[in-house]
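Below is one structure, written out as structure tokens, with a few remarks after it.
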Protein chains: 2
Amino acid sequence: MVRSDPVDTLRRHGLSITAQRLAVLRALARRPHGSADAIVEQVRAEINVISRQAVYNALGTLTEKGIIRRIQPAGSPAIYENRVGDNHHHLICRTCGKTVDVDCAVGKAPCLKASDHAGFQIDEAEVIYWGTCSKCLGAASGIRDQAIPRRNLKVSASKTEPKRNPI
Amino acid sequence: MVRSDPVDTLRRHGLSITAQRLAVLRALARRPHGSADAIVEQVRAEINVISRQAVYNALGTLTEKGIIRRIQPAGSPAIYENRVGDNHHHLICRTCGKTVDVDCAVGKAPCLKASDHAGFQIDEAEVIYWGTCSKCLGAASGIRDQAIPRRNLKVSASKTEPKRNPI
DNA sequence: CGTAATTGTGGACTGAATCAAAAAAAATAA
DNA sequence: TTATTTTTTTTGATTCAGTCCACAATTACG
């Protein structure tokens, strides 16, 4: 069941079919993990014009319908993906923002069970692995590729030296 | 090892001791999961005046030093906690934002291992369980307590259901 | 103490995302 | 088809969390 036809997808969910939504879907099909801004750009390359708001609208309703998924990594703008419904997780590079999918660590969907629910009714387990991708590991010096310039984990390279705790 | 003396904590990490930092630490000791804004408020109740920036500064350096931890739930402002170094996770109520700690699902620190590293060097696994707390489950109607008003998962109650004849 | 370094203050500013009203396009009915 | 109604897009302003900046205040250290 590949059924990757965007028109059909929209229709099946009872959504109006608009050029903008189709373009957003295609953009997501092309690039797995795009930020709203990246999608705006991509869509503008395909369709000539689209408002930023229209992209947010599309992403919003598509997310609501469960057609796409929104991931909101700490300190970075949200990114979207069209792989849904299989409880996979993400591995994000702190340096360049590159995001890759990883399957659940312990098998099927064990992450969905917290050891103590504390009375909560859990509907989703979100797992993000933070690290450094191989490319950024290599260029560890100062290349600063910065696809998604995470401003929060402030660069802090060697500003406050004494990382190693004395005594 | 309770060693909850803020002055000592700061000193041990080679940080200057300022009224603002102490107040921030105390605020965090009092309330486990506070947003920057909530902390500003709390600190202003104790100390008379503190700039928002000072709070952000304090939270930033304390986070850098590993004295506190920053959690950035999708779509909500960051929250901070003073329980660090034990790889626990969080359970957040989508409705009211209430956050509780949960210990790692599968034992010690299994979540730290993704099944496929894809060449990444992982340094942290962030796990957030999303759900609804017991209180909000009860008041499922429309109480709208909204401690942290997650604006992203837009309420979307029945906006897109005009198909159903409303009588 | 006095001086240098660190930290705090207030205000302007940024970027991501949202809101709101009018214009345009789709869906539905005729 | 055309008319009409509903949904979506556009445009522009607005919020919100967080940051940047220059200068004043405080802290640490000799």
Side-chain angles (χ1 to χ4, degrees), chain A residues 7 10-11 13-24 34-41 43-44 47-65 70-80 97 146 148-156 159-161, chain B residues 7 10-11 13-24 34-41 43-44 47-65 70-80 97 148-156 159-163 166:
Chain A
V7 174
L10 290 180
R11 187 162 286 136
H13 285 85
L15 295 174
S16 307
I17 291 151
T18 70
Q20 292 83 346
R21 282 176 181 167
L22 292 176
V24 166
S35 68
D37 236 45
I39 292 169
V40 168
E41 259 184 66
V43 170
R44 281 191 180 150
I47 305 292
N48 262 5
V49 145
I50 193 175
S51 69
R52 180 178 315 273
Q53 182 63 45
V55 171
Y56 277 107
N57 285 348
L59 292 173
T61 47
L62 292 174
T63 301
E64 266 178 47
K65 291 292 181 182
R70 166 163 40 197
I71 309 149
Q72 288 165 284
S76 300
I79 59 179
Y80 297 83
Q146 297 297 80
I148 300 180
R150 319 187 59 245
R151 60 166 171 273
N152 294 48
L153 265 308
K154 59 182 61 170
V155 185
S156 81
K159 179 195 168 190
T160 23
E161 211 278 354
Chain B
V7 174
L10 291 178
R11 187 164 285 138
H13 286 85
L15 294 174
S16 308
I17 291 152
T18 70
Q20 291 84 347
R21 281 176 181 166
L22 293 177
V24 166
S35 69
D37 238 43
I39 292 169
V40 168
E41 258 184 67
V43 169
R44 282 194 179 146
I47 306 292
N48 262 5
V49 145
I50 193 175
S51 67
R52 179 181 315 274
Q53 183 63 43
V55 171
Y56 276 107
N57 285 348
L59 292 173
T61 46
L62 292 174
T63 301
E64 267 179 46
K65 291 293 183 181
R70 166 163 41 197
I71 309 150
Q72 288 166 282
S76 301
I79 58 179
Y80 298 82
I148 301 181
R150 319 190 58 246
R151 58 165 172 275
N152 295 49
L153 266 307
K154 60 182 59 170
V155 184
S156 79
K159 180 195 167 189
T160 31
E161 273 296 312
K163 252 63 176 158

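Sequence lines set the chain letters: A, B, ... in the order given, protein chains first and strands last, and positions in each chain run from 1.
- A:Glu41 meets the side-chain hydrogen bond (donor to acceptor under 3.5 Å, both in side chains) test with no other residue; sequence neighbours excluded.
- C:dC19 atom C1' lies 14 Å from atom OH of A:Tyr56, rounded to whole Å.
- Stem analysis of DNA chain C (Watson-Crick or G-U pairs, both distances under 3.5 Å, runs of at least three) returns C:1-30 with D:1-30.
- Between B:Leu15 and B:Leu62, some side-chain heavy-atom pair lies under the 4.5 Å cut-off.
- Side-chain proximity of A:Gln20 to the nucleotides C:dT7, D:dT10, D:dC21 is greatest for D:dT10.
- The two residues A:Ala74 and B:Gln72 come nearest to each other via the heavy atoms CB-OE1, 3.1 Å.
- In this structure, of C:dG8, C:dT6, C:dG10, it is C:dT6 that holds the atom nearest to the side chain of B:Ser16.
- Atom-to-atom, CD1 of A:Ile17 to P of C:dT28 comes out at 10 Å; the value is rounded to the nearest Å.
- The distance between atom CG of B:Leu15 and atom C1' of D:dT26, rounded to the nearest whole Å, is 15 Å.
- Remark: B:Ile71 CD1 to B:Thr63 OG1 distance equals 10.0 Å, nearest 0.5 Å.
- As rounded to whole Å, 18 Å separates atom P of C:dT6 from atom NE2 of B:His13.
- A straight line from CZ of B:Arg21 to P of D:dT26 spans 15 Å, rounded to a whole angstrom.
- Of the side-chain N and O atoms in A:Thr18, one or more sit less than 4.0 angstrom from OP1 or OP2 of D:dT9.
- Side-chain atoms of A:Arg52 never come within 3.5 Å of backbone atoms of A:Asp37 as a donor-acceptor pair (strictly under, hydrogens ignored).
- At distances below 3.5 Å, at least one donor-acceptor pair connects side-chain atoms of B:Arg21 with backbone N or O atoms of B:Ser16.
- Closest approach to the A:Gln53 side chain among C:dA16, C:dT9, C:dC19 is made by C:dC19 (side chain taken as heavy atoms from C-beta onward).
- One can place CG of B:Asn57 at 11 Å from C1' of D:dC20, the figure rounded to the nearest angstrom.
- Closest to the A:Ser51 side chain, of the nucleotides D:dT11, D:dT8, C:dA17, is D:dT11.
- Counting heavy atoms from C-beta on, the side chains of A:Thr61 and A:Asn57 never come closer than 4.5 Å.
- To the nearest angstrom, P of D:dT26 lies 15 Å from CG of B:Leu22.
- Of the residues near DNA chain D, B:Ala19 and A:Arg52, the one whose nearest nucleotide (by heavy atom distance) lies more toward the 5' end is A:Arg52.
- Atoms CZ (B:Arg44) and P (C:dT9) sit 9 Å apart, rounded to a whole Å.
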